[in-house]
Every structure is written in C-alpha cells, then in structure tokens.
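Just below is one structure, and these are the notes that go with it.
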Amino acid sequence: MTGPSEIDSARTRRDLSLALRRRLTVYAAVGATALTMVFSLVAATTAPGKATATTDPIPQPDPIATGEPTIAPSFGLPTTAPLATAAPLARPTHAPRPVHHTPAPVVSGGS
C-alpha cells in the first residue's frame, strides 16, 4: 500500500504540470495577440497591392512611338510603325432596348 508521501508527491507533480501548461497557454495567447497587432499595423500602413515601397522606373523612350524609321529584320527596308491606340472602356449611358418601340425601363431609387 502506498503511503501518504507518495500520493502527495504525485499530486504535487500533477499541480506543477498543470501550472506549467497554464503558463504556456497564457504565453501563447499573449504572443498570438501581439503578432495579430503587429500584422494589423503593417497592413494598415501598407498601400493596397504594394508590399514594399518602390520608386517608379524612369520611362524609356519608345522608338516606335517617336516615329523614327526602323529597319524591318526580314527586308532591311526603313518603315514607320503606326501607333496602335485602343478605345477606352466606357459603360453605355442607357441600357439597350430589345425592341424598337419599347419604352425605357423604369429605375427606382433616383431623384
């Protein structure tokens, strides 16, 4: 049969183990809170889509846009390349009507 000293020793070891686990849990919670605050601060001070502050590169002149003649690689003749411009994306001002004599749709909520 075990004596009272062995039972007290087991209880003491158990209590110390539980106290250690409690401290580790508190330390982990404090560390997670601190990291969350640091990450939130970094996210709040960083511009969207920019992880680091970079300088804008110096634009290089485009030989095609300047209108200078270039030499075609296959023929060796000087040519002038036309500028290709795309139409800007724009929303239509009115919704298209499916039938020619149909009135425009009524939109609520406007003044």
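Just so it is clear, the values below take in all heavy atoms, side chains as well, and ignore hydrogens, waters and symmetry mates. Quick caveat, the model's predicted, so the values are computed rather than measured.
Val26 shares a hydrophobic cluster with Val30; the chain of contacts runs through ILVMFWY side chains whose heavy atoms sit under 4.5 Å apart.
Counting non-hydrogen atoms of other residues, nucleotides and ligands closer than 6.0 Å to CZ of Arg11 gives a total of 12 or fewer.
Side chain of Ser9 to backbone of Ser5: no donor-acceptor contact under 3.5 angstrom is found.
With sequence neighbours excluded, the residues forming a side chain to side chain contact (heavy atoms under 4.5 Å, CB included) with Arg21 are Ser17, listed by chain and number. Residues satisfying the side chain to side chain contact (heavy atoms under 4.5 Å, CB included) criterion with Leu20, sequence neighbours excluded, are Arg23, Leu24.
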